[in-house]
Amino acid sequence: VGWAANTTARARAGGGSVETLARACDGCHGIDGHSPGAIPTIAGKDEDYLVRRMTQFRDGKRPSTMMGRVLKPFADEDIENLARFYSTRK
C-alpha cells in the first residue's frame with residue numbers, strides 16, 4: 001500500500017504528464033496497461049468506461065482494496081488523461 005501511495009505522490013509531483021501519472025498503474029496493471037497476471041488489463045478499454053470506473057474508485061463509490069487509495073490524489077483531468085492514454089493502447 002505504501003509503495004502505491006508513494007508512486008502516486010511522485011507521479012503528481014513529477015509534472016503530471018500522462019506517462020508520469022501512468023507509472024502509478026504499472027505495478028499492478030502492467031506497462032501500458034497490459035497486465036501480466038490476475039489484475040485486469042486496461043489497455044484498449046473504452047475511454048468512457050475507464051473514466052467512470054476510475055472516478056467511482058477515487059470517490060469511494062466502487063469498493064476496492066487499492067484503487068481508491070491510488071486514485072485519491074488524481075483530479076478529474078488526470079483521470080480523463082489516463083483514460084485516453086490507456087484506451088489508445090493496443
Side-chain angles (χ1 to χ4, degrees):
V1 175
W3 65 266
N6 289 335
T7 301
T8 302
R10 283 195 309 272
R12 293 290 298 139
S17 76
V18 71
E19 291 82 6
T20 303
L21 294 174
R23 289 184 192 152
C25 310
D26 289 351
C28 297
H29 291 284
I31 306 252
D32 280 343
H34 295 281
S35 176
I39 304 297
T41 288
I42 54 177
K45 296 281 188 198
D46 179 74
E47 183 176 340
D48 291 333
Y49 168 83
L50 290 171
V51 168
R52 191 170 50 256
R53 288 290 193 225
M54 286 191 280
T55 302
Q56 289 170 339
F57 283 129
R58 181 198 63 195
D59 296 345
K61 294 180 180 172
R62 186 168 180 82
S64 69
T65 55
M66 193 65 124
M67 291 295 297
R69 289 180 258 182
V70 172
L71 289 167
K72 192 74 168 167
F74 286 78
D76 288 343
E77 182 180 2
D78 298 328
I79 287 175
E80 291 163 6
N81 289 336
L82 280 169
R84 189 172 310 108
F85 175 81
Y86 284 114
S87 71
T88 62
R89 300 299 178 254
K90 301 297 176 204

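Residues: numbered from 1 along the sequence shown.
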Specify the closest pair of heavy atoms between Pro73 and Val70, including all atoms of both residues, with the distance to one decimal.
CD-O, 3.4 Å
Going by salt bridge (charged side-chain N to carboxylate O under 4.0 Å, His left out), name the residues that satisfy it together with Arg53, two or more places apart in sequence or in a different chain.
none
Main-chain N/O of Ala75 paired with Asp78 side-chain donor or acceptor, under 3.5 Å:
yes
Approximate separation, where rounding is to 0.5 Å, of Met67 CE and Met54 CE:
7.0 Å
Nearest heavy-atom neighbours spanning Ile79 and Thr55:
CG2-OG1, 3.9 Å
In Å and rounded to the nearest 0.5 Å, what is the CG to NZ distance from Asp59 to Lys72?
7.0 Å
N/O donor-acceptor pair under 3.5 Å between Asp32 side chain and His34 backbone:
no
Hey, what do you get for SG (Cys25) to CD1 (Ile31), rounding to the nearest 0.5 Å?
11.5 Å
Identify the two heavy atoms, one from Pro36 and one from Gly30, that lie closest to each other, and give their separation to 0.1 Å.
CD-CA, 4.1 Å
Going by salt bridge (charged side-chain N to carboxylate O under 4.0 Å, His left out), name the residues that satisfy it together with Asp76, two or more places apart in sequence or in a different chain.
Arg58
Salt bridge (charged side-chain N to carboxylate O under 4.0 Å, His left out) against Arg52, all qualifying residues, sequence neighbours excluded:
none
What I'd like to find out is whether the side chain of Leu50 reaches to under 4.5 Å of the side chain of Leu82, using heavy atoms alone.
no
Contacts of Thr88 meeting side-chain contact (heavy atoms from CB on, under 4.5 Å) (sequence neighbours excluded), chain-then-number -> none
Just to verify, what does Arg62 make a salt bridge (charged side-chain N to carboxylate O under 4.0 Å, His left out) with, not counting sequence neighbours?
none
Return the CZ to CD1 distance between Phe85 and Ile42, rounded to the nearest 0.5 Å.
9.0 Å
Looking at Leu71 and Phe57, what are the two nearest heavy atoms and their distance?
CD1-CB, 3.9 Å
Just to verify, what does Ile39 make a side-chain contact (heavy atoms from CB on, under 4.5 Å) with, not counting sequence neighbours?
Cys28, His29, Ser35
